[in-house]
Number of protein chains: 2
Amino acid sequence: MKNNKALDNPTAKRRHGGIDPRLLAGPCMACNTRNMAICIALSDEEVAALEAIVTHQTFTPGQSVFFEGDPADHVYNITGGMLRLSKLLSDGRRQITGFLLPGDFLGFIRGDNYSFAAEAVTQANLCRFSLGDFMDLLDRFPKLEKRLLERASNELAEAQDQMLLLGRKSPKEKLASFLVRMAERQARALGPSKELRLAMGRNDIADYLGLTIETVSRCFTQLRKDKILALPESNIVIVKDGTRLRALHQPG
Amino acid sequence: MKNNKALDNPTAKRRHGGIDPRLLAGPCMACNTRNMAICIALSDEEVAALEAIVTHQTFTPGQSVFFEGDPADHVYNITGGMLRLSKLLSDGRRQITGFLLPGDFLGFIRGDNYSFAAEAVTQANLCRFSLGDFMDLLDRFPKLEKRLLERASNELAEAQDQMLLLGRKSPKEKLASFLVRMAERQARALGPSKELRLAMGRNDIADYLGLTIETVSRCFTQLRKDKILALPESNIVIVKDGTRLRALHQPG
DNA sequence: CGTAACGTTGAACTGTCTCAAGATCCGTGG
DNA sequence: CCACGGATCTTGAGACAGTTCAACGTTACG
């Protein structure tokens, strides 16, 4: 907060190169997710403005970023680890609506309160922005807003895929879809690999796919017996027959 | 199309009040959804710019606006009637991801093709914009982009609600949620009423809730026998016990 | 009227959940 | 080093909710 003073009213100055050199060396500049996150829309100078209002946070597995119903006063970028978003019914039934990975944005907000909870699945690193600061940024950098709209459109399409999955797919198809999509995301981040590491447990998978943990387990076993997968450990999936896995994912 | 010629390159002119008077009397100016649609972000002058690039279309019940996989080259505003958005699996299983009403926006797009189909449920009126024109408009009117981001955030929250419904609610709860939400939307548009008119058939409701048509029918009967609803006609629902209906809906 | 689309109801079936037990893995402490 | 407890995962048996299949009722319309 203190060392941001140089940027309190610096728009013109920044435009012409007068950036505090400390900021050009800041963590955002060298961020490993800069090319995936919403920041891809920003120039070095603009990232410096981002840097001026950001707070970096770390969460341990299971820790909550915020609860469903909390006042929605911050938005986040994930720079490391995995988060889960979830909604609860009063009797404890839970639906996980998504898993967030490095580069993902957290903070499409309706109204004054978060309508879902966010928790760390693994150790996780987040950049936090106060909503007010972030809104100001949006006004200053239209590119950022465009990028955000793109992101939101993407998430909407994914949400629709997930509705199709939840409403109309069999448990086996659900698990296959889940694995294919997680493999794609992992490939995008780390390059292609036959080995998929699942950071989340069976319980999270079940609550993401609208199943019980027993059914998830049985489907894993079935896919293993069908020789579509190998499971050297319960969290490590080796895709042995990608064709048949993808056939289950999109029947036809 | 023809009478838009006066606006082919009119930015400066429009900014300073030199608007073709024919446009100030155009259908967008007097549009009954102007205060609900994304247009709420726009001044009279800006609506005139909208008017310059819009095409008005009418669809009959069952008619397709576009198919899943079609090139995504247009966006739409709904000004009358009801649309359904849906996704198909190759064996015919269908998931309806939403119903659109007057004031709703259709066109959050990922990639070059629509990832879902859009069809008219009732007779429907749409304003159509070519994607290119609309993008230009976004650049010119940042307020419009903000409004769109708001909309997208809203839709994301609704999509998450629907995931909770599809993944974790019982058929009875699903139907109750559906009725409560439809009643709220109808109330927002037409004012509060105990009588809810469902424009869509049982099949559409089933495909929206991830159920079979028989189960939907049985749940209606059950809610009627529980004296929570009355059903003078199959498409007209009278909510007799809103408290118990909302208890089944369970917001959280 | 006759037919087709839509909705309701019934009976049987089946897949998924529930409940229960056993297996595996982990960190902790004896 | 092994023993222990807790958490996680797998497996099995039975129950039950929701689907499937089939029949019937209703409404709209040529």
How would nucleotides 11-30 of chain D be written as a contact map, 5' to 3', with B for base contact, S for sugar-phosphate-only contact and - for no contact, using protein heavy atoms under 4.0 Å? BBB----SBBB---------

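Rounded to whole Å, atom C1' of D:dC9 lies 15 Å from atom CG of A:D207. Regarding A:L166, its CG atom lies at a distance of 15 Å from the C1' atom of C:dT16, rounded to whole Å. Atom CG in B:N235 sits about 17 Å away from atom P in C:dA5, given to the nearest Å. Taking atom CG of residue B:N203 and atom C1' of nucleotide C:dA5, one finds them 11 Å apart after rounding to whole Å.
Atoms CG and OG1, from A:L85 and A:T97 in turn, are 4.5 Å apart once rounded to the nearest 0.5 Å.
Comment: B:D204 engages B:R84 in a salt bridge, judged by a side-chain N to carboxylate O separation of less than 4.0 angstrom. A salt bridge does not link B:D226 with B:K240: every distance from a Lys NZ or Arg NE/NH1/NH2 to an Asp or Glu carboxylate oxygen is 4.0 Å or more. Remark: B:E184 does not engage B:R246 in a salt bridge, criterion side-chain N to carboxylate O under 4.0 Å. Taking the charged nitrogens against the carboxylate oxygens, B:D207 and A:R168 do have a contact shorter than 4.0 Å, which makes a salt bridge.
Classification of the A:Y114-A:F66 ring pair by plane angle, with boundaries at 30° and 60°, yields parallel.
Judged by distance alone, with hydrogens and angles left aside, the side-chain atoms of B:R197 form no donor-acceptor pair with the main-chain N or O of B:I236 at under 3.5 Å.
Remark: nothing in residues 195-202 of chain A comes within less than 4.0 Å of DNA chain C through any heavy atom.
In this structure, A:R202 satisfies the cation-pi test against A:F220, with its NZ or CZ atom closer than 6.0 Å to the six-membered ring centre and inside 45 degrees of the ring normal. Taking the ring axis of A:F108 as reference, the NZ or CZ atom of A:R151 does not stay both within 45° of it and closer than 6.0 Å to the ring centre.
Screening B:K172, B:H249, B:Q162 for a side-chain hydrogen bond (donor to acceptor under 3.5 Å, both in side chains) with B:S177, the sole residue that qualifies is B:H249.
An angle of 20°, rounded to 10°, separates the two end axes of the helix from C:dC1-D:dG30 to C:dG30-D:dC1, each defined over five pairs.
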